[in-house]
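Here is the structure we will look at.
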Amino acid sequence: MKTLYQEVAARMRADVLSGALPPGENLESIAALMRRYRTTKPTVQRACFLLEQERLLERQDGVLVVSEDPVFLMQAREAMARRAVRELYAMTRKMGLPDHRTVRIFLEEGGYDDAKG
């Protein structure tokens, strides 16, 4: 089970990787982040520290900034996508859906035209 700061970090991570917090942008103030994620100052600080350790955030002149490294950000997005796919497969297996059908659904819903063939 995740701690509250890990949950906030996960939401912030998703915001960074989706582009809602664009690369190179200064992070909002701690007070603004507290309001955005509806939590306390220590929770936001710990979440920011975690994302700084993961290199999604970096300090520039004492200010936290969203990482601008395109290679690193792509790798982080791919890692997040892989986790989501693993969760999807686990769920569909529990439902008794064969893997090949899951893949087909995934491709069709993703707009991949050759999935129908």
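This chain uses plain numbering: 1 for the first residue, then up along the sequence. Values below: all heavy atoms of this structure, side chains included; hydrogens, waters and symmetry mates excluded. The model shown is predicted, which means the values in this text are computed figures rather than measured ones.
Atom CZ of residue R104 and atom CZ of residue R101 lie 8.0 Å apart, to the nearest 0.5 angstrom. Interatomic distance, OG1 of T102 versus CE of M91, reported as 8.5 Å (0.5 Å rounding). For the atom pair S67 OG and L21 CG, the distance stands at 12.5 Å (nearest 0.5 Å).
R59 meets the side-chain hydrogen bond (donor to acceptor under 3.5 Å, both in side chains) test with E52; sequence neighbours excluded. Applying the salt bridge (Lys or Arg N to Asp or Glu O under 4.0 Å) criterion to D61, with sequence neighbours excluded, gives no partner residue. In this structure, the salt bridge (Lys or Arg N to Asp or Glu O under 4.0 Å) partners of R93, at least two apart in sequence or on a different chain, are D99. Remark: E68 pairs with no residue by the salt bridge (Lys or Arg N to Asp or Glu O under 4.0 Å) rule, at least two apart or across chains. Qualifying side-chain hydrogen bond (donor to acceptor under 3.5 Å, both in side chains) partners for R13, counting only residues two or more places apart in sequence or in other chains: E54.
Both L51 and L64 are members of a single hydrophobic cluster when ILVMFWY side chains are connected at heavy-atom separations under 4.5 Å. Linking Ile, Leu, Val, Met, Phe, Trp and Tyr residues whenever their side-chain heavy atoms come within less than 4.5 Å places M34 and Y37 in a single cluster. Following chains of ILVMFWY side-chain contacts shorter than 4.5 Å, one can reach V8 starting from M80, so the two form part of one hydrophobic cluster. Linking ILVMFWY residues whenever their side-chain heavy atoms come closer than 4.5 Å, directly or via other members, places I30 and L57 in the same cluster.
Nearest heavy atoms, A9 versus A47: N-CB, 3.7 Å. Shortest non-hydrogen contact noted between E7 and K2 is OE2-O, 3.6 Å. Of all non-hydrogen atoms in N26 and V63, the two that sit nearest each other are CG-CG1, 3.8 Å. Minimum interatomic distance between Q60 and E58 (heavy atoms only, all atoms of both residues): NE2-OE2, 3.1 Å.
In this structure, F72 places its CZ atom where more than 12 heavy-atom neighbours from other residues, nucleotides or ligands lie under 6.0 Å away. For CZ of R11, the number of neighbouring non-hydrogen atoms (other residues, nucleotides, ligands) closer than 6.0 Å is greater than 12. The environment of CZ in F106 is sparse: at most 12 heavy-atom neighbours from other residues, nucleotides or ligands sit within 6.0 Å. Heavy atoms from other residues, nucleotides or ligands lying under 6.0 Å from CD of E109 number 12 at most.
Hydrophobic cluster membership for M1: none, as no Ile, Leu, Val, Met, Phe, Trp or Tyr side chain comes under 4.5 Å of it.
Annotation: side chain of L97 is in contact with side chain of I105 (closest heavy-atom distance under 4.5 Å). Side-chain contact between V66 and L56 is absent, with no heavy atoms from C-beta onward closer than 4.5 Å. Residues L33 and T39 are not in side-chain contact: their nearest non-hydrogen atoms beyond the backbone lie 4.5 Å or more apart. At a threshold of 4.5 Å between non-hydrogen side-chain atoms, the residues L73 and V16 count as touching. A heavy-atom distance below 4.5 Å is not found between the side chains of R46 and T3. At least one side-chain heavy atom of Q53 sits less than 4.5 Å from a side-chain heavy atom of L50. Side-chain atoms of R55 and D69, non-hydrogen and from C-beta on, do get closer than 4.5 Å to each other.
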Inset, instruction - Would you sort out whether R83 and R86 count as a side chain to side chain contact (heavy atoms under 4.5 Å, CB included), showing the intermediate values? - result: CA-CA 5 Å; R83 281 191 297 275; R86 282 193 300 272; 3.1 Å; yes
